[in-house]
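Every heavy atom of this structure was used, including side-chain atoms; hydrogens, water molecules and symmetry mates were not. Atoms within a ligand are numbered from 1 in the order they appear, just like the ligands themselves. Residue numbers run from 1 in the order of the sequence given.
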Amino acid sequence: MPTNKSLVPKKEATNGTSRNVFNRCASTNELYDFTFKVMLLGDSGVGKTCFLVRFKDGAFLAGSFIATVGIDFRNKVVTVDSVKVKLQIWDTAGQERFRSVTHAYYRDAQALLLLYDITSKSSFDNIRAWLTEIHEYAQQDVVIMLLGNKSDMNSERVIKREEGEKLAREYGVPFMETSAKTGVNVELAFLAVAKELKHRAVQQPNEPKFHIHDYIESQKKKTSCCGFI
Ligand SMILES: Nc1nc2c(ncn2[C@@H]2O[C@H](COP(=O)(O)OP(=O)(O)OP(=O)(O)O)[C@@H](O)[C@H]2O)c(=O)[nH]1
């Protein structure tokens with residue numbers, strides 16, 4: 001029986017996008033202008049908690065797998081085009097028995113990062129069911145990104161990168177392979193979402209329209225020379 005990673009549920013205070021003038025993040029004491037809520041979804045064991053810990057603390061939780069119970073969140077302030085954005089990132093339990101708890105949180109999320117594990121066929125096959133749930137419970141204009149995690153485990157891969165790309169194209173969502181272990185594309189995933197949400201919240205008159213797909217592709221090209229993707 002796995003030990004609990006967190007106790008259910010840590011309740012959130014505000015709804016929707018909020019513009020904050022000189023707000024201060026309680027956990028990091030940093031100032032920020034906007035708050036956006038991002039949720040991590042996907043089957044149990046795909047690496048959601050590790051993905052969040054990698055982004056928040058730059059570390060990898062090696063060792064035995066401890067399943068999340070219910071839902072938990074962590075804050076991180078990032079800078080997007082000179083604007084401070086607080087990402088409030090909700091880590092959900094992938095296990096079926098916690099679905100009713102996590103469904104209640106979907107509607108407040110502005111972005112959903114949907115993970116599968118490239119070494120697990122079932123986690124990939126279940127992505128369609130996750131997307132059905134998302135369409136049922138989340139806001140219509142929620143930003144969705146599909147992520148094939150554990151890209152460091154290439155020798156155990158059962159899902160080709162092209163299969164992930166094809167599925168993402170079918171649903172019209174951006175796609176990346178990531179690794180919480182090595183950090184590949186973890187920051188890019190969160191920054192792309194933060195940029196998209198910030199551009200939606202404040203579109204300057206002379207600013208070109210932001211396209212998340214184009215941004216991700218351009219950033220992937222920048223790093224592909226160094227073998228990061
Ligand atoms: N090699 C490798 N292992 C990973 C990676 N991400 C997570 N893991 C491992 O996969 C297992 C599950 O990771 P978690 O982050 O706890 O999975 P989860 O999706 O949060 O699972 P639930 O909390 O049950 O929903 C752990 O043993 C991690 O060490 C990765 O990118 N590469």
Ligand-residue contact atoms, ligand 1 with [X], heavy atoms, under 4.0 Å:
| X | result |
| --- | --- |
| Thr68 | 22 (P), 23 (O), 24 (O) |
| Thr49 | 15 (O), 20 (O) |
| Ala93 | 25 (O) |
| Ser179 | 31 (O) |
| Gly94 | 22 (P), 25 (O) |
| Ser44 | 21 (O), 22 (P), 24 (O), 25 (O) |
| Met153 | 1 (N), 2 (C) |
| Asp152 | 1 (N), 2 (C), 30 (C), 31 (O), 32 (N) |

Could you tell me whether some N/O pair between [X] and ligand 1 is separated by less than 3.5 angstrom?
| X | result |
| --- | --- |
| Gly45 | yes |
| Gln95 | no |
| Asp91 | no |
| Lys181 | yes |

**OP:** Compute the minimum heavy-atom distance from Asp43 to ligand 1 and say whether it is under 4.0 Å.
**Re:** yes
Using heavy atoms and a threshold below 4.0 Å, how should the contact between [X] and ligand 1 be classified: side chain, backbone, both, or neither?
| X | value |
| --- | --- |
| Thr178 | neither |
| Cys50 | both |
| Phe51 | neither |

**OP:** I would like to know whether Lys166 and Glu162 meet salt bridge (charged side-chain N to carboxylate O under 4.0 Å, His left out); could you show each step before the answer?
**Re:** CA-CA 6 Å; Lys166 186 164 174 264; Glu162 295 73 33; over 6 Å; no
Given 3.5 Å as the limit, does a donor-acceptor pair link the side chain of [X] with the main chain of [Y], or not?
| X | Y | result |
| --- | --- | --- |
| Arg157 | Ser151 | no |
| Lys56 | Asn75 | yes |
| Lys76 | Phe55 | yes |
| Asp33 | Val83 | no |

**OP:** Could you go through the ring pair (Phe, Tyr, Trp, His ring centres under 6.0 Å) check for Phe190 and Phe36 one step at a time?
**Re:** CA-CA 11 Å; Phe190 284 108; Phe36 299 122; over 10 Å; no
**OP:** Check each of Ala67, Gly183, Ser123, Gly47 against atom 13 (O) of ligand 1 and report the one with the nearest heavy atom.
**Re:** Gly47
Subject >> Option with minimal heavy-atom separation from atom 6 (N) of ligand 1, where the choices are Thr119, Asn149, Val53, Ile118 >> reply: Asn149
Subject >> Sequence-distant partners of Glu96, salt bridge (Lys or Arg N to Asp or Glu O under 4.0 Å), two or more places apart >> reply: Arg99
**OP:** Look up atom CG in Asp91 and atom CZ in Phe51, then write down how far apart they are to the nearest 0.5 Å.
**Re:** 11.5 Å
Subject >> Euclidean distance, Lys48 NZ relative to Asp72 CG, rounded to 0.5 Å >> reply: 13.0 Å
Show me the donor-acceptor pairs, under 3.5 Å and distance only, between side chains in residues 131-138 and residues at least two apart or in other chains.
| unit_1 | atom_1 | unit_2 | atom_2 | d |
| --- | --- | --- | --- | --- |
| Thr132 | OG1 | Arg128 | O | 2.9 |
| Glu133 | OE1 | His103 | NE2 | 2.9 |
| Glu133 | OE1 | Tyr106 | OH | 3.4 |
| His135 | ND1 | Leu131 | O | 2.9 |

**OP:** Please check if any side-chain donor atom of Asp117 sits under 3.5 Å from a side-chain acceptor atom of Ser123, or the reverse.
**Re:** no
